[in-house]
Amino acid sequence: MLRRFRFHPCGNYRDHYEKELTIFETDFGRLWMTIGLSVLFGLVPFLLGSYPLYIINMIGIAAIAALGLNILVGYTGLISLGHGAFFGVGAYAAAILATEWNFPILLALPAAGLITALVGIIFGLPSVRLKGLYLTIATLAGQFIIEYILLHWEGLTKGTMGIILPEAGIFGLSITGDRGYFFLIYLCLVLMTWLAVNLVRTKFGRAFIAIRDNDRAAEGMGIPVFRYKLLSFGISSFYAGLAGALFAYYMISITTEPFNLMLSVEYIAMIIIGGLGSITGTIFGAIFITGLNEALRWFTDWLINVGGITGVELTVAPLREFAFGLAIVLFILFEPKGLAELWRIIRSSFRLWPFSY
Amino acid sequence: MDFFIQLLVNGISIGFLYGLSAMGFVMIYKASSVLNFAHGELLAIGAFLFLALVTWAELPVAAAFILTLAGTFVFGFIVERLFLRPLIGEPLIEIIMLTVGLAAMFKGALLLIWGGNLYTYPDLLPEFLAWNWGVVQVPPVYVSAIFMGIVFLLLFGLFFKYSSQGIYMRSVADNQPAALSLGVHVRRVFALSWAIAALVAGISGIILGLINGINVHELSSIGLKVFPVVILGGLDSISGAIIGGIIIGLLETMTGGYLSPSLRDVIPYIALVAILLVRPYGLFGLVEIERV
């Protein structure tokens, strides 16, 4: 039995708080989401080749990690510069659990997330209790300390050798190749997005937002600020850890190299470009940055093939760094609400289309 | 024992350099309570500007030095004007993210121009600066670092205590709206603080380059080492920056000498976490920690 479709009313007729909290104001939103998800899971993995699927998978992993960072930065107003290292902790936790303890992937993923949350809380504990930006400094320290531990605790992490993960399987079904991981990564992404969307409209999310907007007022309203800040940091680390674990399984072998400060800056770029405090924006940001990464790689390859600049040592890393920095700076100066705001403007101009009044 | 004394001397001299680098950082923090994550890149820009003037333009050292100082001063001004001024009045978190973006941008640009290679300056410092006391040998670079550290410590101390601009800076840092309503030119204060910070960073960049050679990665990582130094010394204390720098420098060289060379680069950050745990306002900072 089909419900009657709901359209936009021509005014604000909300008379309950529940109506303020709805995710889909009209049934069109649900319809588009259903269409989007069926295209994503029904068509994308079967039509695209291996390389586009690889990029899409990397976007999915980045989006999960960036969602966590946005809960921390965008909703709670705390900055973390160690997200890349926490991502690495998740990757190593999953790798160690899978090789040393033979954890199945379904158990290793959440376990890696929990371990990372724990590590995050250890670094967060001394700084979260203080007002101001001490967490930013502590996570910066965390970034370097974790990098050091990953590289030098050779009994556990095998140092520069890296770890090779066994093949993953769920219920006897082995997950291999880009398509297999596409389903795993995007099921995780949908689940984590659903969790994040619902988290920010519960008591917890409202407490986070209250702390971001005015921590003294939040304290005055009876929100235990320290506990909620720590919770937010834990949740954010959990997301990073889960994404890192997915990354480890997908890459099959991991070394400490990718989990540096640059990765943390990359995640910050994602949420700023996407939009602070916006779940859709986070996903846009992940698409933008991962796309930019690939585009820059193509661009440098093209420059090298064209020749003419041989002899100049042109690698992609500095160009990437420059482009990310520039993107962060430009978005903060000109569109601080990010791509999510652009998307909202585009949508609302089409909402009443073709009759603008 | 000789080894210990040599480490002690090295630690103190490196510490003075850290302190000198941290001073520019504290300058910006004192005036606008912005944590500047691009400080290491300011160091590198000063060092590379000097390199370009000395080796490519082949200017005499004194002229190159003065031009570098002028250049970094103007550069700080431009950075403030282009990137920081539009954000006056915006939430602090956005300004700090902006400095993270600026850091990535400057570092990328420097790497695109000079690459990740190690450059060295020609021998500039006269030999008579070297100190030799029996077993203890202090190379001229370290002597000039200590000398510069003391000079700037005095200059900044006097500047903040007695000059009107220094007092304006302190007032803006303390309470921006109140300073504004009392007629302090807040924008000029910000511009000046960035310009002076860039200038001091330029000087420390040159001295760091004289010691280790100039490398973008190296210099920008020293810019991040400023954080343990200022947290230890107290975020808003100029003399704390020097003393914090000396302690961190000693900690580094002692760890490098006695424990393990690889731990050397991480020990300041371990110290940082420990300090946050017991004394977050540092040794000399204003005790103004709010637990909210």
Side-chain angles (χ1 to χ4, degrees), chain A residues 73 77-79 81 123 125-127 129-134 136-138 140-145 147-149 151-152 211-212 215-216 218-219 225-226 229 261-262 264-266 268-269 272 276 312-315 317-334 336, chain B residues 33 35 37-38 41 82-83 86-87 90-113 115-117 216 220-221 224-225 227-228 230-231 235 260 262-263 265-278 280-281 288-292:
Chain A
V73 182
L78 302 166
I79 308 176
L81 280 175
F123 279 103
L125 258 176
S127 50
R129 73 198 161 112
L130 308 170
K131 184 186 165 74
L133 290 152
Y134 288 94
T136 317
I137 302 174
L140 180 75
Q143 169 79 42
F144 290 113
I145 296 172
E147 261 182 69
Y148 178 81
I149 292 175
L151 197 61
H152 287 94
I211 292 169
R212 175 193 69 189
D215 45 8
R216 281 182 210 177
E219 180 85 54
V225 172
F226 169 56
K229 273 179 167 174
L261 187 65
M262 186 57 210
S264 301
V265 174
E266 220 170 285
I268 285 185
I272 289 174
L276 291 176
V312 179
E313 190 189 342
L314 189 69
T315 46
L319 195 64
R320 250 179 55 189
E321 207 153 354
F322 179 73
F324 289 165
L326 190 69
I328 293 178
V329 168
L330 291 181
F331 266 91
I332 288 181
L333 287 180
F334 298 111
Chain B
S33 50
L35 298 176
F37 280 92
E41 282 67 26
L82 282 183
F83 303 114
L87 291 179
E90 298 287 324
L92 208 55
I93 171 170
E94 283 192 5
I95 305 178
I96 285 157
M97 303 266 231
L98 184 96
T99 64
V100 173
L102 282 180
M105 200 170 106
F106 292 154
K107 192 175 169 194
L110 286 172
L111 281 172
L112 280 177
I113 301 171
N117 306 334
V216 180
S220 82
S221 82
L224 294 176
K225 229 167 250 170
F227 285 94
V230 294
I231 289 287
L235 261 172
S260 90
S262 65
L263 195 62
D265 284 333
V266 193
I267 196 80
Y269 298 104
I270 297 173
L272 165 61
V273 175
I275 301 157
L276 283 180
L277 204 57
V278 290
Y281 38 85
E288 194 195 31
I289 293 295
E290 262 185 86
R291 288 194 180 78
V292 174

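Reminder, nothing fancy here: chain letters follow the sequence lines and each chain counts from 1. Just so we're clear, the structure is a prediction, and the values are computed from it rather than from any experiment.
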Applying a strict 4.5 Å limit to non-hydrogen atoms, the region of B:I95 in contact with chain A is neither
Nearest heavy-atom contact between B:S260 and A:Y148 is OG-OH, 4.1 Å
Exercise for the section: Report yes if some heavy atom in the side chain of A:R212 is under 4.5 Å from a heavy atom in the side chain of B:I93; otherwise report no. Expected result: no
Under 4.5 Å to a heavy atom of chain B? For A:L81 that would be side chain
The reported gap from CZ in B:F227 to CD1 in A:I137 (rounded to nearest 0.5 angstrom) is 5.5 Å
Here the gap from B:M97 atom CE to A:F331 atom CZ, rounded to the nearest 0.5 Å, amounts to 14.0 Å
Are B:V266 and A:H152 close enough that some pair of their side-chain heavy atoms sits under 4.5 Å apart?
no
Nearest heavy-atom approach of B:F37 to A:T136 is CZ-CG2, 3.7 Å
The interface call for B:L87 against chain A, heavy-atom contacts under 4.5 Å, is side chain
Looking only at heavy atoms, the pair that brings A:G325 and B:A104 closest together is CA-CB, 3.8 Å
Worksheet item: Is there a side-chain contact between A:Y134 and B:I231 (heavy atoms, below 4.5 Å)?
Response: yes
The interface call for B:L272 against chain A, heavy-atom contacts under 4.5 Å, is side chain
Max heavy-atom pairs within cutoff under 4.5 Å with chain B, candidates A:I79, A:I272, A:I328, goes to A:I79
Whatever's closer than 4.5 Å to a heavy atom in chain B on A:I268 counts as side chain
Applying a strict 4.5 Å limit to non-hydrogen atoms, the region of A:L276 in contact with chain B is side chain
The interface call for B:L35 against chain A, heavy-atom contacts under 4.5 Å, is side chain
Nearest heavy-atom approach of B:F83 to A:L333 is O-CD2, 3.5 Å
B:E94 and A:I332 have their tightest heavy-atom pair at O-CD1, 3.6 Å
Applying a strict 4.5 Å limit to non-hydrogen atoms, the region of B:L82 in contact with chain A is backbone
Cut-off 4.5 Å, heavy atoms of chain B, and the answer for A:I211 is neither
Note: vs chain A, highest number of non-hydrogen pairs under 4.5 angstrom among B:L110, B:V273, B:L263 is B:L263
A:L261 and B:L224, any side-chain heavy atoms less than 4.5 Å apart = yes
